[in-house]
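Have a look at the structure below before the remarks.
Note on naming: letters A, B, ... go to the chains in the order of the sequence lines (proteins, then strands), and numbering restarts at 1 for each one.
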Amino acid sequence: MPPTTEESLGVKLRSDFPILHQEIHGHPLIYFDNAATSQKPQTVLDVLRHYYERDNANVHRGVHTLSNRATESYEQAREKIARFINARSHQEVVYTRNASEAINLVAYTWGLDQLQPGDEVVLSVMEHHSNLIPWQLIAQKTGAVLKFINLTHSGELDVDHYQSLLGNRTRLVSVVHVSNTLGCVNPVAEIVNLAHGYGARVLIDACQSVPHLPIDVQSMNCDWLVASGHKMCGPSGIGFLYGKLEVLRSMPPFLGGGEMIADVFLDHATYADLPYKFEAGTPAIGEAIALGAAVDYLTKIGMDIIHQYEEELTAYLLQQLYTIPNIQVYGPQLNQTNYPKNQGRAALAAFTVDGIHPHDLSTILDQAGIAIRAGHHCTQPLHRHLNAQSTARASLYFYNTRSEIDRFIETLQEAIDFFGEVFQK
Amino acid sequence: MSLNTVRELYQQVILDRYKNPRHRGMTQPIHRQQRGHNPSCGDTIQLTVQLNESEDFIEDVKFEGEGCAIAIASADLMAEALRGKPVGVALAMVEQFQGMMKGAEEFPQEFRKLNVMQGVSQFPVRIKCATLPWHTLKAALELTSPVAKDGFISNESDS
């Protein structure tokens, strides 16, 4: 017997999120767009507010009390993030605006510096545009060649195909940990291991995994990992790049400015030690500190507990979606004998319903207070690959519940009936 | 869920045009051709226009492509309304349609069928869907050669 909603994690934790307690078009909000961004618990909002009300000052440059407070909190948050992903050192965590900036940082420093004409960069067809466009740009500048890992018939990363793409020209593998469209969890440790066999570096786009799964960069052994704060209960405008110390050391600076220097002359400069070498200008201080609070919040719940609860939600969501006639759910399916072939499936489902455009579905669901995403979710090449112009996507987090899934399914069926009714006349 | 608000948007005519569009296809011959694209959702339509000999009257408009109910119905109703209209009138209608989406006046009697799209103005995020065909039409009529050289027009700045 699955646990009843009364005792579920979602029911217990919902009260931490003020935004969830409102009505949209006269219906209680059901927020199922967590893969786009997550909501923020009161504790994170409090920390952000406290910082601006009590501690606001610039970091690393004042000797006064406020500057000291701001700097300490800012650096403590970095240490929290480092512990959260099991980095060896806080120096391996570079703050960025978001995950896109973190990928661009690697592309424009390591990529421009290291890639030669004919060098190969392996990506997958399921990449978010943010792990595709930077490499397209760098390939155009360097003459490097992009290669793409296909999907298996079950809608997962094809590891056999991946192996066949690796060779002596492979310099970089940059792949997503959890697909924001297929929901598949890719076997990143195996991916890294295989790439390292050819001396290639590996970047993991962990935007959809860091908020939902326990992450250990040491056991993953990736060279870089990127994530965004706003998808993990933190504010927007803050994300991070993890990089192995020796890898980050070998990279030239990215943006130039204050904070990232050691000694400056009119015609040249020396650069600060890690991680500051990559943090030019005044950073998003309050946002970084609030991200630290989000990490505290998630750690207190326990990432393994979040993951376990979300797996239950995922199974329930898929079972319920399967009861809808003429629906297609993308990615690995619950009833497949090989499920979970790789490492399971995240709490999201992109789907289409025959004859109804995802935008129309989303508009009708919104009228019932239900927020889902409709479109290509920044994975246009994947949508082309799946032969879908666009899809609807319900993406869940630990504060969602089975009863919300019930109401979502009920409303989805009503929306389908609404369109069906008209067409039959 | 109350379907009343939803019915204001998805009027019978819109759903009927979505399911059974009358003007899908390509004009024969093609005097103007333009692809329109909504980058936020990936929807794309392709308009073809047949003009009279002096190229100041629209003989026929047809569309191909994929889109939501709002975009398809809007394209179909637009194609119907434009047949036999002077190019200048068509361009003025583009302005008027965009105005209607912002809550301005309806179309006069002659084009009253277009007024079923008015409900979209209450759904700001869907206005782009309704204006996609009109935006594409404007680009098509402003072409000096029959086919757009640089691919398609995006309606991203239009809302």
Q.
What's the separation between atom CZ in B:Arg7 and atom CZ in A:Phe418, rounded to the nearest 0.5 Å?
A. 5.5 Å

Q) More than 12 foreign heavy atoms under 6.0 Å from NZ of B:Lys138: is that the case here? A) no

Q | Any side-chain heavy-atom pair of A:Gln367 and B:Leu9 under 4.5 Å | A | no

(Q) Taking CZ in A:Arg97 as the centre, count heavy atoms belonging to other residues, nucleotides or ligands within less than 6.0 Å. Is the count above 12? (A) no

(Q) What part of B:Asn20 gets within 4.5 angstrom of chain A, counting heavy atoms only: side chain, backbone, both, or neither? (A) neither

Q | Residue pairs, two or more places apart or on separate chains, that pass ring-ring contact (aromatic ring centres under 6.0 Å, His included) and touch residues 83-108 of chain B | A | B:Phe97-B:Trp134

Q. Which salt bridge (charged side-chain N to carboxylate O under 4.0 Å, His left out) pairs, counting each pair once, include a residue from residues 367-394 of chain A, with sequence neighbours left out?
A. A:Asp33-A:Arg393

Q. Just wondering, more than 12 heavy atoms not from A:Glu23 lying within 6.0 Å of its CD?
A. yes

Q) Atom OH in B:Tyr10, atom OG1 in A:Thr363: separation rounded to 0.5 Å? A) 4.0 Å

Q: Could you check if a side-chain atom of A:His359 sits within less than 4.5 angstrom of a side-chain atom of B:Val125, using non-hydrogen atoms only?
A: no

Q) Would you call A:His357 and B:Tyr18 a side-chain contact if the rule is heavy atoms closer than 4.5 Å? A) yes

Q | Atom group of A:Gln389 that falls short of 4.5 Å from chain B, counting heavy atoms | A | both

**Q.** Other residues, nucleotides, ligands: >12 heavy atoms within 6.0 Å of B:Arg112 CZ
**A.** no

Q: Using modelled atom types only, decide if a donor and an acceptor are shared between the side chain of A:Asp360 and the backbone of B:Ala69 within a distance under 3.5 Å.
A: yes

